[in-house]
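So the structure is just underneath, and the comments pick up after that.
Residue indices begin at 1 and follow the sequence shown.
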Amino acid sequence: QSKVTSLDQVERSVKHELIHAYDDSRGYLEGQDCYHQACSEIRAARLSGDCGVGRELNNGNFGIFSSALKCVEKRAILAVDNNPICKGFSERAVERLLSKCYADYAPYTAPVAYSGNFGK
């Protein structure tokens, strides 16, 4: 487990896990299904702010939209690959679902523009 170092990181982590909880509550997450996990990881990486424009710029990635998509893809592959059932299948699962799940904003009605700490 990694160490939480800032309020921003706490907020992103909570939002990430809440997206998984939302997917589970609507029946979209079955732990034994690599495709379900891939979709939830894609959504969580995108909607939590893990790959937000500001974070990508801070990481030196200046192709704003393409780098955010690549970040989501990379994070989803790594997360799915941590599931022993999906080991070696994660890239294929994420690639197959990336465009569909990246476009799913639920529970939001539109894309989320991540703007940093809500307390500021």
Side-chain angles (χ1 to χ4, degrees):
Q1 296 288 330
S2 61
K3 191 175 187 179
V4 175
T5 58
S6 70
L7 178 59
D8 181 57
Q9 191 174 0
V10 170
E11 288 176 354
R12 282 194 322 274
S13 295
V14 169
K15 286 172 71 176
H16 184 105
E17 295 309 319
L18 286 172
I19 294 299
H20 291 314
Y22 178 81
D23 288 347
D24 187 40
S25 73
R26 65 182 183 165
Y28 287 11
L29 189 55
E30 171 60 47
Q32 307 298 319
D33 188 316
C34 300
Y35 288 120
H36 286 193
Q37 185 181 358
C39 189
S40 190
E41 291 297 345
I42 291 164
R43 289 173 27 73
R46 180 171 192 210
L47 298 173
S48 66
D50 288 342
C51 297
V53 172
R55 288 187 49 78
E56 286 300 288
L57 288 173
N58 286 339
N59 291 333
N61 299 320
F62 299 108
I64 296 172
F65 298 110
S66 64
S67 67
L69 182 62
K70 287 177 188 174
C71 173
V72 167
E73 182 178 25
K74 181 177 122 185
R75 291 179 70 92
I77 289 169
L78 290 172
V80 174
D81 211 42
N82 280 329
N83 180 342
I85 294 169
C86 303
K87 194 84 169 160
F89 184 69
S90 57
E91 285 185 46
R92 190 171 1 160
V94 170
E95 181 180 301
R96 181 172 176 192
L97 295 170
L98 186 61
S99 61
K100 175 185 175 190
C101 298
Y102 192 85
D104 181 357
Y105 312 123
Y108 306 104
T109 57
V112 176
Y114 188 72
S115 59
N117 293 333
F118 296 108
K120 288 186 177 180

**Asked** Can you tell me how far CD1 of Ile42 sits from SG of Cys51, rounded to the nearest 0.5 angstrom?
**Response** 11.0 Å
**Complete:** Tyr102 and Val72 have their tightest heavy-atom pair at CE1-CG2, 3.8 Å
**Asked** Going from CG on Leu7 to CZ on Arg12, what distance comes out if it is rounded to the nearest 0.5 angstrom?
**Response** 10.0 Å
**Prompt:** Looking at Ala45 and Arg75, what are the two nearest heavy atoms and their distance?
**Reply:** CB-CB, 4.3 Å
**Prompt:** Do you know the tightest heavy-atom contact between Asp104 and Leu47?
**Reply:** O-CD1, 3.9 Å
**Prompt:** Atom CZ in Arg96, atom SG in Cys101: separation rounded to 0.5 Å?
**Reply:** 10.5 Å
**Request:** Please examine the side chains of Ile77 and Glu73, heavy atoms only from C-beta on, and report whether any two atoms are closer than 4.5 Å.
**Result:** yes
**Request:** Please report the closest heavy-atom contact between Leu97 and Ala38, naming both atoms and the distance.
**Result:** CD1-CB, 4.4 Å
**Message:** If you compare all heavy atoms of Asp50 against all heavy atoms of Cys71, which two are closest, and at what distance to 0.1 Å?
**Reply:** O-SG, 4.1 Å
Return a table of donor-acceptor pairs under 3.5 angstrom between the side chains of residues 17-24 and protein atoms on other chains or two or more places apart.
from	atom 1	to	atom 2	distance (Å)
His20	ND1	Ser40	OG	2.6
His20	NE2	His16	NE2	3.1
His20	NE2	Glu41	OE1	3.4
His20	NE2	Glu41	OE2	3.4
Asp23	OD1	Arg26	NH2	3.3
Asp23	OD1	Arg43	NE	3.0
Asp23	OD1	Arg43	NH2	2.8
Asp23	OD2	Ser40	OG	2.8
Asp23	OD2	Arg43	NE	3.2

**Message:** Main chain of Ala44, side chain of Ser48: is a donor-acceptor contact present, judged purely on distance under 3.5 Å?
**Reply:** yes
**Fill in**
Across all chains, not counting sequence neighbours, the side chain to side chain contact (heavy atoms under 4.5 Å, CB included) partners of Ile85 are Gln32, Cys34, Asn83
